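Here's the structure we're looking at; comments come further down.
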Protein chains: 2
Amino acid sequence: MNIGDASDQSGLPSKTIRYYEDIGLIRPDRATNGYRDYAAADVHKLRFLHRARGLGFSVEECRQLLALYDDKSRASGDVRELTVAKLAEIDRKIRELTQLRQTLEHLVHSCHGTERPDCPILEELSDGAAP
Amino acid sequence: MNIGDASDQSGLPSKTIRYYEDIGLIRPDRATNGYRDYAAADVHKLRFLHRARGLGFSVEECRQLLALYDDKSRASGDVRELTVAKLAEIDRKIRELTQLRQTLEHLVHSCHGTERPDCPILEELSDGAAP
DNA sequence: TATGAACCTTCCAGCGACTGTAAGGTCAAG
DNA sequence: CTTGACCTTACAGTCGCTGGAAGGTTCATA
């Protein structure tokens, strides 16, 4: 599959896909004409990268997460430890998003401008789990 | 409060806090000696910025979100529309994180290296809600 | 078969969001 | 009154893309 199709199926611009190859996140085959040739597994990784980056994971973290899937001997304690750490991080992000959501809901439904500049929402907003 | 304390309380490096001032996200007072002077509300905003950036919102999106809190006439249809859009975005992020979490859990508990390189987890992982 | 659109390639430059370094001013403690 | 921990600005560098130029490939249509 050419890069354009990989782009369509992953949601990532071709530019970004080439960049991810430059930094070694994916390694597509090459056709005889020099075009990159993406397998289904590559597209899955690209879709994953698209989502994980949008959720605030750095490229290095994405590299680690991909390594978890690629790891040939998943019994390794290191891998398990890393996975557990990532789970905790994901839980934290979910908590923070949930709190942010509640705050916005509150803002829409019950906070009508009169209670600022000391709006309690700002406090509530910033009182989430420590980073 | 000096920038060092604002940094400690928000979790953001001083450098980043100054940068946020450069691009107009916050506007702290200045003491007579020229030092920046942060009020509690500034720190709340900084904590918010720290969290929202870590959750994958761009600086421009953060600016919009802060505007929602700062907006003097929250009745505006534009503001409400933006808030609703942000709520949908947050819901999407929560769904994606939940799915990512399930995948990692699955990986830890039941996928032991033998089923790759066609591990169904990679497929599962990349089958989330469209971006 | 040829021409043009729509792909693909590499390379290099620029931008968004920081991050590090340098050179210097301020302040509280000893 | 100096030492060290703070603060200031200014400028350069990095990370993660993103756009543009210059050119090769493929394919439908004239």
Side-chain angles (χ1 to χ4, degrees), chain A residues 1-40 42-43 45-67 86 89 93 96 131, chain B residues 1-40 42-43 45-67 86 89 93 96 131:
Chain A
M1 175 192 319
N2 283 351
I3 198 168
D5 294 325
S7 171
D8 290 344
Q9 289 186 30
S10 68
L12 285 170
S14 303
K15 279 273 185 194
T16 304
I17 296 177
R18 289 193 197 95
Y19 172 72
Y20 286 165
E21 182 176 350
D22 282 352
I23 62 173
L25 284 182
I26 43 166
R27 309 193 176 280
D29 283 351
R30 292 283 175 145
T32 50
N33 60 10
Y35 286 17
R36 290 169 179 82
D37 184 20
Y38 295 88
D42 294 321
V43 174
K45 288 189 182 186
L46 290 172
R47 287 183 63 85
F48 163 73
L49 286 167
H50 186 36
R51 298 176 67 200
R53 292 288 297 123
L55 294 169
F57 291 94
S58 73
V59 163
E60 276 320 301
E61 289 173 322
C62 289
R63 196 190 298 277
Q64 292 175 356
L65 285 166
L66 280 181
K86 290 296 170 204
E89 203 174 328
K93 282 175 190 282
E96 290 185 359
Chain B
M1 173 191 322
N2 283 350
I3 198 169
D5 294 326
S7 170
D8 291 345
Q9 290 185 31
S10 67
L12 285 170
S14 303
K15 277 284 208 195
T16 304
I17 296 176
R18 290 194 196 95
Y19 172 70
Y20 286 166
E21 182 177 351
D22 282 353
I23 62 172
L25 283 183
I26 44 166
R27 309 194 176 279
D29 282 351
R30 291 284 175 143
T32 51
N33 60 9
Y35 286 16
R36 289 168 180 84
D37 184 20
Y38 294 88
D42 294 321
V43 174
K45 289 189 183 186
L46 290 173
R47 287 184 61 85
F48 164 73
L49 286 167
H50 186 35
R51 298 176 67 201
R53 291 288 297 122
L55 294 169
F57 290 96
S58 74
V59 163
E60 276 320 302
E61 288 173 323
C62 289
R63 195 190 299 276
Q64 291 176 356
L65 285 165
L66 279 181
K86 289 297 170 201
E89 202 173 330
K93 282 176 189 282
E96 291 185 359

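Letters A, B, ... are given to chains in the order of the sequence lines, protein chains preceding strands, and every chain is numbered from 1. Keep in mind the model is a prediction, meaning the values are calculated, not measured.
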Could you state the atom-to-atom distance from [atom1] of [X] to [atom2] of [N] in whole Å?
X	N	atom1	atom2	value
Leu25(A)	dG16(D)	CG	C1'	11 Å
Ile17(A)	dC17(D)	CD1	P	12 Å
Asn2(B)	dA28(C)	CG	C1'	13 Å
His50(B)	dC18(C)	NE2	P	11 Å
Leu12(B)	dA17(C)	CG	C1'	12 Å
Asp37(B)	dC27(C)	CG	P	13 Å
Glu21(A)	dT10(C)	CD	C1'	12 Å
Asp22(A)	dT10(C)	CG	C1'	10 Å

(message) Assess whether a salt bridge exists between Lys93(B) and Glu96(B), defined as any Lys/Arg side-chain N lying under 4.0 Å from an Asp/Glu carboxylate O.
(response)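 Result for this pair is no, no salt bridge flagged.
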
(request) In plain terms, say whether Glu21(B) and Arg27(B) are close enough for a salt bridge, that is, a side-chain N and a carboxylate O under 4.0 Å apart. (result)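 Looking at Glu21(B) and Arg27(B), the cut-off is not met.
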
Consider the side chain of [X], meaning its heavy atoms from C-beta on, and name the nucleotide among [options] that approaches it most closely.
X	options	result
Ile3(B)	dT8(D), dT18(D), dT9(C)	dT8(D)
Asn33(B)	dT26(C), dC7(D), dA17(C)	dT26(C)
Val59(B)	dC17(D), dT9(C), dA17(C)	dA17(C)

If you restrict it to nitrogen or oxygen atoms, what contacts under 3.5 Å exist between nucleotides 19-23 of chain D and the protein, and what is each distance?
residue: dG19(D); atom: N7; partner: Lys15(A); partner atom: NZ; Å: 2.9
residue: dG19(D); atom: O6; partner: Lys15(A); partner atom: NZ; Å: 2.5
residue: dG20(D); atom: O6; partner: Lys15(A); partner atom: NZ; Å: 2.2

Phosphate OP1/OP2 of [N]: any [X] side-chain N/O under 4.0 Å:
X	N	answer
Arg18(B)	dT8(D)	yes
Thr16(A)	dT18(D)	yes
Arg30(A)	dC8(C)	no
Arg36(B)	dT9(D)	yes
Tyr19(B)	dG16(C)	no

(message) Distance to the ring centre below 6.0 angstrom and angle to the axis at most 45 degrees; does that hold for Lys45(A) and Tyr38(A)?
(response)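 Lys45(A) over Tyr38(A) ring: no.
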
(message) Please compare Pro13(B) and Gly34(A) by the position of their nearest nucleotide in DNA chain C and report the one closer to 5'.
(response)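 Checking each residue's closest nucleotide, the 5'-ward one belongs to Gly34(A).
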
(message) With nearest nucleotide decided by heavy atoms, which residue, Ser58(B) or Tyr38(A), maps closer to the 5′ end of DNA chain C?
(response)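 Its nearest nucleotide lies further toward 5', so the answer is Tyr38(A).
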
(message) For the backbone of Ser58(A) and the side chain of Glu61(A), can you confirm whether one donor and one acceptor N or O come within less than 3.5 Å of each other?
(response)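 Such a contact is found between Glu61(A) side chain and Ser58(A) backbone.
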
(message) If we ignore hydrogens and angles and just use 3.5 Å, is the side chain of Ser10(A) paired with the main-chain N or O of Val43(A) as donor and acceptor?
(response)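 Flag not set: sc Ser10(A) to bb Val43(A) has no pair under 3.5 Å.
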
(request) State, yes or no, whether a side-chain contact exists between Asn2(A) and Asp37(A) at a heavy-atom distance under 4.5 Å. (result)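 Side-chain contact under 4.5 Å: no.
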
(request) Determine whether Ile23(B) and Val59(B) make a side-chain contact, defined as any pair of heavy atoms from C-beta on separated by less than 4.5 Å. (result)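 Answer yes - side chains close enough.
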
(message) I need the Met1(A) CE to Asp8(A) CG distance, nearest 0.5 Å.
(response)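 Here the interatomic distance stands at 10.0 Å.
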
(message) Ignoring hydrogens and geometry beyond distance, is the side chain of Tyr35(B) in donor-acceptor contact with the base of dG25(C) at under 3.5 Å?
(response)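 Check passes, donor-acceptor contact within cut-off.
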
